[in-house]
Amino acid sequence: MRMIAENSSVTEFILTGLTSQPELQIPLFFLFLGFYMVTMVGNLGLIMLIGLNSHLHTPMYFFLYNLSFIDLCYSTVITPKMLMSFVSKKNIISYAGCMTQLFFFLFFVVSESFTLSAMAYDRYVAICNPLVYTATMSPQVCLLFLLGVYVMGFAGAMAHTACMVRLTFCANNLVDHYMCDILPLLERSCISTYVNELVVFVVVGMDIGVPTATIFISYALILSSIFRIRSTEGRSKAFSTCSSHITAVSLFFGSGAFMYLKPSSLLPMNQGKVSSLFYTTVVPMLNPLIYSLRNKDVKIALKKTLSKNSFF
């Protein structure tokens, strides 16, 4: 980290936080503290539930287990520092701490995007090719999918962080954000950020485009299978499941694309903060609700686990 610090004229950054209005600081602190607690309880509970119930040890819940783990981690990377901005006069983060936060945030957010696409593919195989589902989604295949998810996350995070480290930052170290994100940091650079902006459009475009294409193709094939279902009840149940998933996916990818794939001149930073709140705070909190609490198998597992604890 010593070499990194020498490339910069600043050794620390000051994060402005979500808002500068004093009367909103305390209410927002308790609001996002509540969000964070719900996120922790929901995702930790889902991880424990899947781990303790053997009938949930299937590919679908394997990916859901990892999605909850990713949500847990990247919410923890962002939210505690954001909460500090509501109660501190100056929310200071060191240069090394800022680059570390940037790396892990990008690692987990890219990993989440590819996990969502793996889940969509899993549902496609289960609904459209149920006879070969066990062979197609074998434990070995699931592990390879997971390895690919984390390799893509690491590659994306390294590409952005390495490009950020090469920049020289000006003496004005005030970052207009509640976290160390790509675009706010680029505004503080004293040298050309053309390479960084190119990497943002290429890498973010790939990290959003490939999973989005996989999800839409999977769901297009799923919907074509749903239309062939004769039972009205079966159709409505399948549509309900798809609509919940598509809503969560749209929220995640839509807010990410809105933040990163538009020219900064067209997107004021205040709007960027609000947009980034969705995929850093809201989505990790909603995922356990969207993917599990409406699921019959998870409800049964929860009742069994609670009844066992009550018995003991």
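Throughout, residue positions are numbered sequentially from 1 according to the sequence presented.
- Using bins of under 30°, 30° to 60° and over 60° for the plane-to-plane angle, the ring pair Phe63/Phe145 lands in the perpendicular bin.
- Proximity of Phe114 to Tyr150: side-chain heavy atoms (C-beta onward) are nowhere separated by under 4.5 Å.
- In this model, no donor atom of one side chain and acceptor atom of the other lie less than 3.5 Å apart for Thr281 and Tyr36.
- Pro284 places a side-chain heavy atom less than 4.5 Å from the side chain of Tyr74.
- Remark: side-chain polar atoms of Thr193 are not paired, donor with acceptor, to backbone N or O of Asn196 under 3.5 angstrom.
- Summarising the geometry of Ser68 relative to Asn43, their closest heavy-atom pair is CA-OD1, 3.4 Å, with the distance given to 0.1 Å.
- Residues Ser218 and Ala120 share a closest heavy-atom pair of CB-O, 3.6 Å.
- Contact detail for Cys142 and Pro59: the closest heavy-atom pair is SG-CB, 3.6 Å.
- Side chain of His57 to backbone of Ile50: a donor-acceptor contact under 3.5 angstrom is found.
- Side-chain contact between Val199 and Met164 is absent, with no heavy atoms from C-beta onward closer than 4.5 Å.
- Not a single donor-acceptor pair under 3.5 Å links the side chain of Thr212 to the backbone N or O of Gly209.
- Taking the six-membered ring where the residue is Trp, Phe32 and Phe35 present perpendicular rings, their angle passing 60° and hence far from 30°.
- In this structure, Tyr65 has its ring center no closer than 6.0 Å to that of Phe62.
- In this structure, Gln25 contributes its side chain and Val87 its backbone to no donor-acceptor pair below 3.5 Å.
- In this structure the side chain of Val204 reaches within 4.5 angstrom of the side chain of His160, judged on heavy atoms.
- Side-chain contact between Thr136 and Val141 is absent, with no heavy-atom pair separated by less than 4.5 Å.
- The aromatic rings of Phe69 and Phe108 sit perpendicular to each other, their planes meeting at more than 60°, with 30° as the lower class boundary.
- Formation of a donor-acceptor pair under 3.5 Å by the Asn173 side chain with backbone atoms of Glu12 is found in this model.
- By the 4.5 Å heavy-atom criterion applied to side chains, Gln101 and Ile78 are counted as neighbours.
- Of all heavy-atom pairs between Val149 and Ser111, the closest is CG1-O, 3.3 Å.
- Counting all heavy atoms, side chain and backbone alike, Met82 lies closest to Leu277 at SD-CD2, 4.1 Å.
- Not a single donor-acceptor pair under 3.5 Å links the side chain of Ser189 to the backbone N or O of Leu186.
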